[in-house]
Protein chains: 2
Amino acid sequence: MTCTLSDIARQTGFSVSTVSRVLHDNSNRYKIREETKEVIRSVATALGYTPNKIARGLRLNRTHQMGIIVADLANPFFATMVKSISKEARKSGYSIVVCDSDENTHLEEESIKTLMENRVDGLLIAAVGVEREHLERFRSDDVPFVFLDRLYDDISDDAVSVDNRKGARDATEHLIQNGHRRIAILQGLPGTYANTGRVTGFRQAMADAGIEVRDQYVVGDDFGTLNGFLGTKHLLRMEDPPTAIFAAGYLIALGALDALREEHLVVPRDVALVTFDDPGFAPHLSPPLTAVEQPIEQMGEMGVKLLLRRLRDPSSAPRRILLEPRLIVRESVAPLVVPA
Amino acid sequence: MTCTLSDIARQTGFSVSTVSRVLHDNSNRYKIREETKEVIRSVATALGYTPNKIARGLRLNRTHQMGIIVADLANPFFATMVKSISKEARKSGYSIVVCDSDENTHLEEESIKTLMENRVDGLLIAAVGVEREHLERFRSDDVPFVFLDRLYDDISDDAVSVDNRKGARDATEHLIQNGHRRIAILQGLPGTYANTGRVTGFRQAMADAGIEVRDQYVVGDDFGTLNGFLGTKHLLRMEDPPTAIFAAGYLIALGALDALREEHLVVPRDVALVTFDDPGFAPHLSPPLTAVEQPIEQMGEMGVKLLLRRLRDPSSAPRRILLEPRLIVRESVAPLVVPA
DNA sequence: GTGAAAGCGCTAACAG
DNA sequence: CTGTTAGCGCTTTCAC
């Protein structure tokens, strides 16, 4: 039932080319009589003409779709990112086709393949981030990649992420300034971009303050809640438990909170807690959680802009943008009270 | 650089059709010599052939894309739904192009238009849900719609949602069974499908228990946190405040929690609280929140299945599925203690 | 000012 | 078992 240019051509008596020109060609390169335009436009709306982007894409070799791959859509972090990408992409007339790699390198690869088959104009990818060989395999000059959030150090594409080191440093310094010395870190998955940056930042802040970080105060091995729970339990069982904890991700912090509650320890009186990531509910926890907020929306927005720029100018030098996170002080950290 | 069927044809000496057949036609309707197949396949991989779905879509009038429109991707509810849709769609070789309507009827309409232009094979839509005229305007026999979560009562399309009434009844009954009589509801946006169902369920449960619901115990007017906060404050200021509160959505519950904390009331000792929606962090609140869990993943999955079925058999009778929510009892409700 | 025609990459009769 | 051909809906040179 969908009507095509030639339907309109037939109805109006004009040729397909003319119809195409008035309906799609914004440039007024063609001087077409106003009258003609009006006739064509009116018939088009009368017939409910809907341009066929598929045909257009085939012809122009441009689909005006961009592919997005994220590691976990159910994670508010990525969900928010995709939302901002969607908003920014729409502004430029782009649609987004979204894939969820489920933190799985194989599915990530499948997703890339699918998106390539769909002939997306470019790809925004928050990579799983452990391997990268499969990414190389799909590199092509035709379809630019932009990496989001999770980078590879040797990357040569456009990329935007957050300064994990800086955020971790800020968080740790906040703890130090509140008098804490025995500070533990609940880390995420070792070897990942985010975790490495956050641990490094933590160590830097400690070093700058002249505090030695004890090995047994660095615990944990993934970004999940259980890890936070177990790690915290472990810390509390020490003969010399930390007075403050820095969680490398919000799920970890949630687990820590559970463990602390179970031990009848109250935050921040007994133990101080800061976390990387600032999920929407952080202010509503008790106590409201002091957290490092990432500029997620900005990240999505910048990603789209980088991609658009590269599409416009494929030979421009790749840019690598590091956004600044921001420590949001709420009530989960209090000055250390030294036992009299 | 992308290579096409004709490239492979040239390389192998076979015709484009033969190449097409071995590369794409799963059906063995054509008896092609094994040897030929091998040659073609090997050249294809050697050249890094990536099928062009755009061209395919144009020819077959099937893009193998489905459009998704949700009201707010940053809402964990929709994010989870999209994730499950993505998973289910992938199983059948479908990609999803996602739009965020930002709870805005106009953007919703724009999104539909875009998706139609993209010639998606079908549409899954969690509609804003207030108006529906704009939806009608785009109804066409070519592109089936499936409604998710938010329905219109007079809808004639496939649809899957959750039994809001039942969930609200269960939650309210739980409160009643714990001895509560003065029960308030913090409602969401009046007139929406979700809110109407939830309020109705609440009233039913009260009626069934022979408890009169006082008008001033029905407060609030949207699904946001602030509404929950203000509503709760209002309730607490009454001469005869409720002993239990049912929040119609999780953001509302969060606001309620804030208000209660501010008033130094402790849940569940002083006030009991149940909420519709069970966001991932509910178990980690203090106290862990008793909540009505919606079968979100199942909803996405069913939505895709309905759409796929309709694509296969366009004339089948529309189905309207109501999924059962589940009350998850945690620690935010306690038996009412009557002052001695 | 407007039209004719070619072609984007693919599939599906139809033919042999 | 394989090739020829037409055409999906659109844009764009080139022509008049």
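What's counted below: heavy atoms across the whole structure, side chains too, no hydrogens, waters or symmetry copies. Lettering of chains follows the sequences in order, A, B, ..., and the numbering in each one begins at 1.
- Between D/dT2 and B/Ser15, no contact under 4.0 Å exists linking OP1 or OP2 to a side-chain N or O.
- Taking atom CG on B/Asp142 and atom P on D/dG9, their separation rounds to 11 Å, with Å as the unit.
- Proximity of A/Met66 to A/Leu307: side-chain heavy atoms (C-beta onward) are separated by under 4.5 Å at one or more points.
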Which atom pairs link the protein and nucleotides 5-8 of chain D when you take only N or O atoms and keep those under 3.5 Å?
from, atom 1, to, atom 2, distance (Å)
D/dG7, N2, B/Arg59, NE, 3.4
D/dG7, N2, B/Arg59, NH1, 3.1
D/dC8, O2, B/Arg59, N, 3.4

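- The distance from atom CG of A/Leu5 to atom P of C/dC8 is 19 Å, rounded to the nearest whole Å.
- To the nearest angstrom, P of D/dC10 lies 17 Å from CG of A/Asn61.
- Counting only heavy atoms from C-beta outward, the side chains of B/Ile125 and B/Leu135 approach each other to under 4.5 Å.
- Distance check: B/Asp158 CG to B/Leu308 CG gives 11.5 Å after rounding to the nearest 0.5 Å.
- Atom CG in B/Leu47 sits about 15 Å away from atom C1' in C/dG9, given to the nearest Å.
- Relative ring orientation between B/His24 and B/Tyr49 is described as tilted, the plane-to-plane angle lying within the 30° to 60° band.
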Acceptor/donor pairs from residues 294-304 of chain A side chains to any protein atom, 3.5 angstrom cut, sequence neighbours excluded:
from, atom 1, to, atom 2, distance (Å)
A/Gln294, NE2, A/Asp277, OD1, 2.5
A/Glu301, OE2, A/Lys305, NZ, 3.1

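- When rounded to the nearest whole Å, the span between CD1 of A/Ile40 and C1' of C/dG3 equals 12 Å.
- Between B/Ser20 and the phosphate of C/dC10, there is no side-chain N or O to OP1/OP2 separation shorter than 4.0 Å.
- The base of C/dG3 lies close enough to the side chain of A/Arg21 for a donor and an acceptor atom to sit less than 3.5 Å apart.
- The CG atom of A/Asn118 sits 15 Å away from the C1' atom of C/dC10 (whole-angstrom rounding).
- Using bins of under 30°, 30° to 60° and over 60° for the plane-to-plane angle, the ring pair B/His64/B/Tyr94 lands in the tilted bin.
- Spacing between atom CZ of A/Arg56 and atom C1' of D/dT12 amounts to 12 Å, rounded to whole angstrom units.
- Within the 3.5 Å criterion, the main-chain N or O of A/Val120 finds no donor-acceptor partner in the side chain of A/Asn118.
- Distance B/Arg119 CZ to C/dC10 P: 21 Å, rounded to the nearest Å.
- A/Thr36 comes within contact range of the sugar-phosphate backbone alone, with a heavy-atom separation under 4.0 Å but no base atom that close.
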